[in-house]
Amino acid sequence: KPKPKPLHPVTRYATDILAGQIPANKWVRLACKRHLQDLKTGKRRGLYFDGAAADHVISFFPEFLKFYEGNFDNQPFTLTPCQQFIVGSIFGWKRKRDGFRRFRTAYIEMGKGQGKSPLAGGIGLYCLAFDDEPGAEIYAAAVTREQAGILFRDARTFAEKSESLRDILQIDKHNIAYPAENSFFRPVSSEHR
């Protein structure tokens, strides 16, 4: 008897949440429920889950990014199941009519010390150089320069530690450029100079 195909990490996380194997709040359970429901009914509404697109961004993190401080210094940035669900959902769900991503905005709320800034910095680097978007403009935006700088610092340090990224990016104090596609990543704030 053939073995059943293993679940995609995004689907496995959603299944585990709804089965009560991982504690979660109401909003996480609703996002997981939507994912599983859309796998069943999304086609009728012009949606599909592109597992290869989700895998591409999930594998980008450990392949190109290494942590640079604390207990994880120099360890590959392997996404936790929760982080795989987040980035896999954002980049994996597509609209059938044009193949563009279903989600254009994502609200991510995580507790202090759970890696929000490194995750967002990694997503920014992925969008800068691996999202097939010529002329991409990626911003680390916040109210203060200091807040915007935290996320950008993570992205810049990830890029500086990665030989592969250093080869294709121009990394400056307040800008990371991807000249091949005329794209950039920079911090911005609402503070006046």
Side-chain angles (χ1 to χ4, degrees), residues 1-22 24-65 77-110 114-116 118-141 151 155 158 164-165 168-169 176 178 180-185:
K1 193 174 188 178
K3 287 184 179 181
K5 185 178 173 187
L7 293 177
H8 190 276
V10 175
T11 303
R12 184 174 55 245
Y13 179 79
T15 303
D16 289 348
I17 288 289
L18 294 181
Q21 295 176 348
I22 302 171
N25 67 32
K26 166 184 162 180
W27 305 110
V28 172
R29 286 193 306 276
L30 285 171
C32 291
K33 184 177 180 181
R34 179 194 60 219
H35 174 79
L36 296 177
Q37 187 64 34
D38 288 346
L39 288 174
K40 295 176 188 170
T41 65
K43 259 188 184 168
R44 291 192 301 251
R45 297 184 346 263
L47 301 171
Y48 68 99
F49 184 71
D50 183 344
D55 290 340
H56 192 256
V57 69
I58 289 169
S59 66
F60 163 80
F61 279 79
E63 187 174 337
F64 289 92
L65 308 181
F77 190 161
T78 301
L79 297 175
T80 65
C82 169
Q83 292 168 331
Q84 289 179 351
F85 179 78
I86 291 167
V87 299
S89 295
I90 293 169
F91 291 90
W93 278 104
K94 307 281 179 99
R95 299 183 312 204
K96 224 170 178 35
R97 71 177 180 267
D98 54 20
F100 289 141
R101 283 195 291 272
R102 171 188 189 180
F103 300 113
R104 296 172 50 91
T105 303
Y107 176 78
I108 302 167
E109 186 173 322
M110 300 169 87
Q114 297 300 306
K116 292 180 296 292
L119 179 64
I123 291 170
L125 288 170
Y126 178 83
C127 289
L128 175 68
F130 293 86
D131 199 27
D132 293 328
E133 179 70 31
E137 297 180 10
I138 314 300
Y139 296 99
L151 189 154
F158 281 143
S164 298
L165 292 178
I168 62 170
L169 302 176
I176 303 171
Y178 180 42
E181 292 291 349
N182 197 29
S183 299
F184 65 80
F185 184 173

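Side chains of Leu79 and Ile86 form no contact here, defined as non-hydrogen atoms less than 4.5 Å apart. Side-chain contact between Phe61 and Leu119 is present, with at least one heavy-atom pair separated by less than 4.5 Å. The shortest side-chain heavy-atom distance between Leu128 and Leu169 falls under the 4.5 Å cut-off. Contact check for Arg34 versus Leu30: no side-chain heavy atoms found under the 4.5 Å cut-off. Between Arg101 and Asp131 there is a side-chain heavy-atom pair separated by less than 4.5 Å. For the pair Tyr178/Cys127, no side-chain contact is recorded, criterion being any heavy-atom separation below 4.5 Å from C-beta on.
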Note to self: Checking Ile58 against His8 for the side chain to side chain contact (heavy atoms under 4.5 Å, CB included) test, could you report, in this order, the C-alpha distance in whole Å, the side-chain angles of both residues, the deciding distance, and whether it holds?
What the structure shows: CA-CA 11 Å; Ile58 289 169; His8 190 276; 4.3 Å; yes
Check: Please walk me through it: do Cys32 and Leu36 pass side chain to side chain contact (heavy atoms under 4.5 Å, CB included)?
Finding: CA-CA 6 Å; Cys32 291; Leu36 296 177; 5.7 Å; no
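The CG atom of Asp132 sits 7.5 Å away from atom NE2 of His56, with the distance rounded to the nearest 0.5 Å. Atom CZ of residue Phe49 and atom OG1 of residue Thr11 lie 5.5 Å apart, to the nearest 0.5 angstrom. Within the model, atoms CD of Gln114 and CD of Gln83 stand 8.5 Å from one another, a figure rounded to the nearest 0.5 Å. A distance of 8.0 Å separates OH of Tyr126 from OG of Ser59, quoted to the nearest 0.5 Å.
Taking all atoms of both residues into account, the shortest heavy-atom contact from Gly121 to Ala155 is O-CB, 3.8 Å. Residue Gln84 comes nearest to Pro9 through the heavy atom pair OE1-CB, 3.2 Å, listed as atom of the first residue, atom of the second, then distance. Taking each heavy atom of Gly124 and Ile138 in turn, the nearest pair found is CA-CG2, 3.8 Å. Listed here is the closest heavy atom pair of Ala136 and Ser183: N-OG, 2.8 Å. In terms of heavy-atom proximity, Lys116 sits nearest to Met110 at NZ-O, 3.2 Å. Taking all atoms of both residues into account, the shortest heavy-atom contact from Val10 to Gly88 is CG2-CA, 3.6 Å.
With sequence neighbours left out, Arg95 forms a salt bridge (charged side-chain N to carboxylate O under 4.0 Å, His left out) with Asp98. For the ring pair (Phe, Tyr, Trp, His ring centres under 6.0 Å) test, residues two or more places apart in sequence or in another chain that qualify with Phe184 are Tyr139. Asp55 pairs by the salt bridge (charged side-chain N to carboxylate O under 4.0 Å, His left out) definition with nothing, not counting sequence neighbours.
Checked against the 6.0 Å centroid criterion, the rings of His35 and Tyr13 do not qualify as a close aromatic pair.
The salt bridge (Lys or Arg N to Asp or Glu O under 4.0 Å) test with Asp38 singles out one residue from Arg102, Lys33, Lys43, and that residue is Arg102. Only one option out of Phe130, Phe77, Phe158 pairs with Phe64 in a ring-ring contact (aromatic ring centres under 6.0 Å, His included); it is Phe130.
In this structure, Gln21 places its CD atom where more than 12 heavy-atom neighbours from other residues, nucleotides or ligands lie under 6.0 Å away.
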